[in-house]
Amino acid sequence: MRDEGHAMVTLEIAGKAVAVTNADQEQAQELFLSESFKDDLKSFKSEGRFLWDGSAALTTRPASEDEIDAFYEVLDEEDEDEVEDDEDSDGINIDVVFLVSIDEIDDGTTSG
């Protein structure tokens, strides 16, 4: 269920690609730069290190073909496990896939 014509957006932290979303540029900016997402970035760890220290530059850019492939690979795996559809009020499905491995998350650390 790939939308080839839809541009995707990657979040970089200090120049390292960390997450990709199928939201448009405006939605991606709003999501990635929201306080709740930033809080999540500060609480998530990858290989024992926090994803974001709260001060490194957060930037967005168009996703590369490899990042888009990784995004759909993860969604395809999730689709096999999940039947339910998460849609926002406009009926648009916005997903975020992390491009780095996320260490196990303790319950209560995510804000949304």
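The first residue of the sequence shown is numbered 1, and numbering continues consecutively from there.
In this structure, T21 and A28 approach most closely via the heavy-atom pair CG2-CB, 3.7 Å.
For the atom pair CG of D66 and CZ of F71, the computed distance is 15.0 Å after rounding to the nearest 0.5 Å. From S64, atom OG reaches atom CE of M8 across 10.0 Å, with rounding to the nearest 0.5 Å.
No side-chain heavy atom of L58 sits less than 4.5 Å from a side-chain heavy atom of V18. Residues L41 and F98 meet the side-chain proximity criterion, which asks for heavy atoms closer than 4.5 Å. In this structure the side chain of I94 reaches within 4.5 angstrom of the side chain of N22, judged on heavy atoms.
In the hydrophobic clustering of ILVMFWY residues, with side-chain heavy atoms under 4.5 Å counting as a link, V96 and I102 come out together.
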Can you give me every donor-acceptor pair (side chain of residues 9-16, partner residue at least two apart or in another chain, under 3.5 Å) with its distance?
unit_1: T10; atom_1: OG1; unit_2: E67; atom_2: OE1; d: 2.7
unit_1: E12; atom_1: OE2; unit_2: R61; atom_2: NE; d: 2.4
unit_1: E12; atom_1: OE2; unit_2: R61; atom_2: NH2; d: 3.3

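By the salt bridge (Lys or Arg N to Asp or Glu O under 4.0 Å) test, K45 is found to be paired with no residue, residues two or more places apart in sequence or in another chain being considered. With sequence neighbours excluded, the residues satisfying side-chain contact (heavy atoms from CB on, under 4.5 Å) with Q29 are Q25, L33, T60. Every side-chain hydrogen bond (donor to acceptor under 3.5 Å, both in side chains) that D53 has, sequence neighbours left out, goes to S55. For S101, the side-chain contact (heavy atoms from CB on, under 4.5 Å) partners are S46, E47, not counting sequence neighbours.
Listed by first and then second residue, the ring-ring contact (aromatic ring centres under 6.0 Å, His included) pairs involving residues 14-33 are F32-F37 (not counting sequence neighbours).
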